[in-house]
Novice: 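Right, I'll just put the structure down here and ask away after.
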Number of protein chains: 2
Amino acid sequence: MAQSDTVDRILDAAEVLFAERGFAETSLRMITSKAKVNLAAVNYHFGSKNELIHAVFARFLTPYSATLDEAFDELEAESQGDAPSLDRILWALAESTARMPQRNDKGISIFMRLLGLAYTQSQGHLRKFLEEEYSEPFGRFMRLLKEATPELSAVDRYWRIQFMLGATAFTMSSSDALIDILEAKIGVETSVQEIAARLVPFLAAGMKAADKIQQPPHGH
Amino acid sequence: MAQSDTVDRILDAAEVLFAERGFAETSLRMITSKAKVNLAAVNYHFGSKNELIHAVFARFLTPYSATLDEAFDELEAESQGDAPSLDRILWALAESTARMPQRNDKGISIFMRLLGLAYTQSQGHLRKFLEEEYSEPFGRFMRLLKEATPELSAVDRYWRIQFMLGATAFTMSSSDALIDILEAKIGVETSVQEIAARLVPFLAAGMKAADKIQQPPHGH
DNA sequence: TTTCGTTTGAAACGTATGTTTCAAACGAAA
DNA sequence: TTTCGTTTGAAACATACGTTTCAAACGAAA
């Protein structure tokens, strides 16, 4: 405990509780009591609850952002000149995510759940913070997607990307619960990595769908 | 204002505010002040905040559930004996949703956003309430999906249905914001119906994807 | 018009939250 | 060992919440 291991204890506790219960539903007192730390420590070290939320995201998003950047570098290096395919882009994303160093066995679930919350519960301050700090790797991912789907109009691509994000964020943010339900139902155990491996072909097929806008089907 | 138009005023205000801000972030005082109604009226007419949330959902979910049931009846009547196709099931769902009677022009967005919140912010009491009251049309939809995708194993189907739900709930629950972003970006106006019409082929293609689990792509 | 159950209004209650205060404890530097 | 900036601890603060209370107002039935 060289210096302020209090800070890490708070971050660890906050990360888990935020992932379990969301931001508004997690009080500072829950966090400090789980972290076995004085209540005032949060405001002393982080300033406010909102800044603590930012710190929790920064701690895992900064290395993740760097990992992604490397993966995209590799991707572009491999396919010299021509645009990387959709499948390879999505796979690179899935692999980078799976390979993130985990603090414990629940690491990936927490990571995913927080990413989901970032979309879902983003109040003004969080959205602003994320846009300011991490727009670059996100923009790069978007550029790669654009080059990989030249057959789509800008509008088509826009909506399909939202569909992809939705399927991913939603599934991953509830991955723990969904895995449990499946096990109770069919008795099959599933890893987050397997979900990702199932998600990729689903998303790729959706992105490549021939029909852009569904017309009412005709009678049989 | 024959009898308790207070009840409807509360429901109207609560519906909008819940859709805009979520449940925990919307206080009874916000609701009663928007509804121009006394604070105590909520507890008098509904009992508690949780029961008010239930009432908001019941008001639109009960007619929606009936509409869905009719649409599924038609679907099964049309395709006498053989299972309705995936495209037709999804289309029936999208159409039923679009045709729901709206209280105002923002009706569909609110409706969608609440459905999204039901998945996303479902605390214990709401999940329990929804399961107890509306499991039947949901189960019927699942059965139809199963019959329309006999080529999928139970596990494959389970995950792909989650992906569909995610893409839909996520996109629709943010439809307002996404429509605004697209308009600011490309200057195109979009209706919720158009989003649904774009979503259907995306989901159908994903459900029918040949690969179930992605293997690492080989070098180019 | 009087009656009486229903509904509203204003105020308060108890509790929980984020934040602040300030004295005490700590720990490296002198 | 003394000093002094940093960190902790216990308590309080102001505020917001959901809920309750109870008298006043209402409105159909008598």
Side-chain angles (χ1 to χ4, degrees), chain A residues 1-59 114 117 121-129, chain B residues 1-59 114 117 121-129:
Chain A
M1 43 197 76
Q3 58 160 13
S4 204
D5 107 305
T6 301
V7 168
D8 290 310
R9 298 250 294 283
I10 293 174
L11 286 174
D12 289 341
E15 185 178 79
V16 172
L17 289 174
F18 285 153
E20 279 175 358
R21 320 174 31 95
F23 306 121
E25 294 77 9
T26 303
S27 72
L28 293 185
R29 283 167 177 81
M30 291 178 199
I31 294 170
T32 54
S33 98
K34 182 182 180 79
K36 282 168 185 156
V37 143
N38 188 274
L39 171 61
V42 170
N43 289 282
Y44 176 76
H45 286 289
F46 298 96
S48 68
K49 185 182 180 181
N50 280 351
E51 289 173 274
L52 169 61
I53 296 176
H54 297 175
V56 166
F57 275 89
R59 185 167 67 150
L114 287 177
L117 289 181
Q121 302 207 348
S122 230
Q123 308 106 307
H125 72 95
L126 219 198
R127 172 146 289 161
K128 198 173 196 175
F129 170 78
Chain B
M1 45 200 74
Q3 57 158 14
S4 205
D5 107 304
T6 301
V7 168
D8 291 311
R9 297 250 293 285
I10 293 174
L11 286 174
D12 289 341
E15 185 177 79
V16 171
L17 288 172
F18 285 152
E20 279 174 358
R21 320 174 30 95
F23 306 121
E25 294 77 9
T26 302
S27 71
L28 293 185
R29 284 168 177 81
M30 290 178 198
I31 294 170
T32 54
S33 99
K34 182 183 180 80
K36 281 168 186 156
V37 142
N38 188 273
L39 171 61
V42 171
N43 289 283
Y44 176 75
H45 286 290
F46 297 95
S48 68
K49 184 181 179 181
N50 280 351
E51 288 173 276
L52 169 62
I53 296 175
H54 297 174
V56 167
F57 275 89
R59 186 168 66 150
L114 287 176
L117 288 182
Q121 302 207 348
S122 229
Q123 308 106 306
H125 71 95
L126 218 198
R127 172 145 290 162
K128 197 172 196 175
F129 170 79

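The chains referred to below are lettered A, B, ... by the order of the sequence lines, with proteins before strands, and numbering in each begins at 1.
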Novice: Using a cut-off of under 3.5 Å, enumerate the N/O to N/O pairs linking the protein to nucleotides 25-27 of chain D.
Specialist:
none

Novice: B/Lys36 NZ to C/dG9 C1': how many Å, rounded?
Specialist: 17 Å

Novice: How about B/Tyr44 and B/Asn38: do any of their side-chain heavy atoms sit closer than 4.5 Å?
Specialist: no

Novice: Just jot down the side-chain hydrogen bond (donor to acceptor under 3.5 Å, both in side chains) partners of A/Asn50, sequence neighbours excluded, or say none.
Specialist: A/His125

Novice: Taking all heavy atoms of A/Leu52 and all of A/Ala14, pick out the closest pair and write down the distance.
Specialist: CD2-CB, 4.1 Å

Novice: Tell me, please, which residues at least two apart from A/Ser48 pass side-chain hydrogen bond (donor to acceptor under 3.5 Å, both in side chains).
Specialist: A/Glu51

Novice: Mind jotting down which residue pairs meet the salt bridge (Lys or Arg N to Asp or Glu O under 4.0 Å) criterion with at least one end in residues 17-37 of chain A? Sequence neighbours excluded, please.
Specialist: none

Novice: Are the side chains of A/Arg9 and A/Ile31 in touch, meaning some heavy atoms are under 4.5 Å apart?
Specialist: no

Novice: Does a side-chain N or O from A/His45 land closer than 4.0 Å to OP1 or OP2 of D/dT6, or not?
Specialist: no

Novice: Which residues pass the side-chain hydrogen bond (donor to acceptor under 3.5 Å, both in side chains) test with B/Ser27, not counting sequence neighbours?
Specialist: none

Novice: Can you give one letter per nucleotide of nucleotides 13-24 of chain C, 5' to 3': B if a protein heavy atom sits under 4.0 Å from the base, S if only from the sugar-phosphate, - if neither?
Specialist: ----BBBBB---

Novice: State which residues pass ring pair (Phe, Tyr, Trp, His ring centres under 6.0 Å) with A/Phe18; sequence neighbours excluded, sorted by chain then number.
Specialist: A/Phe23

Novice: Are any of A/Thr6's side-chain N or O atoms less than 4.0 Å away from OP1 or OP2 of D/dT7?
Specialist: no

Novice: Tell me every residue that passes side chain to side chain contact (heavy atoms under 4.5 Å, CB included) with A/Ala41, counting only those two or more places apart in sequence or in another chain.
Specialist: A/Thr6, A/Ile10, A/Val37, A/His45

Novice: Both distances under 3.5 Å, Watson-Crick or G-U wobble: on that basis, could you give the dot-bracket string for DNA chain C, with [ ] for crossing pairs and | for other-strand partners?
Specialist: ||||||||||||||||||||||||||||||

Novice: What is the distance from CG of B/Asn38 to P of C/dT8, rounded to the nearest Å?
Specialist: 9 Å

Novice: Could you check how far CG of B/Asp5 sits from P of C/dT7, rounded to whole Å?
Specialist: 12 Å

Novice: Let me know the distance between CZ of B/Arg21 and C1' of D/dC17, rounded to the nearest Å.
Specialist: 13 Å

Novice: Tell me the closest heavy-atom pair linking A/Leu39 and A/Thr32, and the distance in Å.
Specialist: CA-CG2, 3.6 Å

Novice: What residues form a ring pair (Phe, Tyr, Trp, His ring centres under 6.0 Å) with B/Phe129, not counting sequence neighbours?
Specialist: B/His54

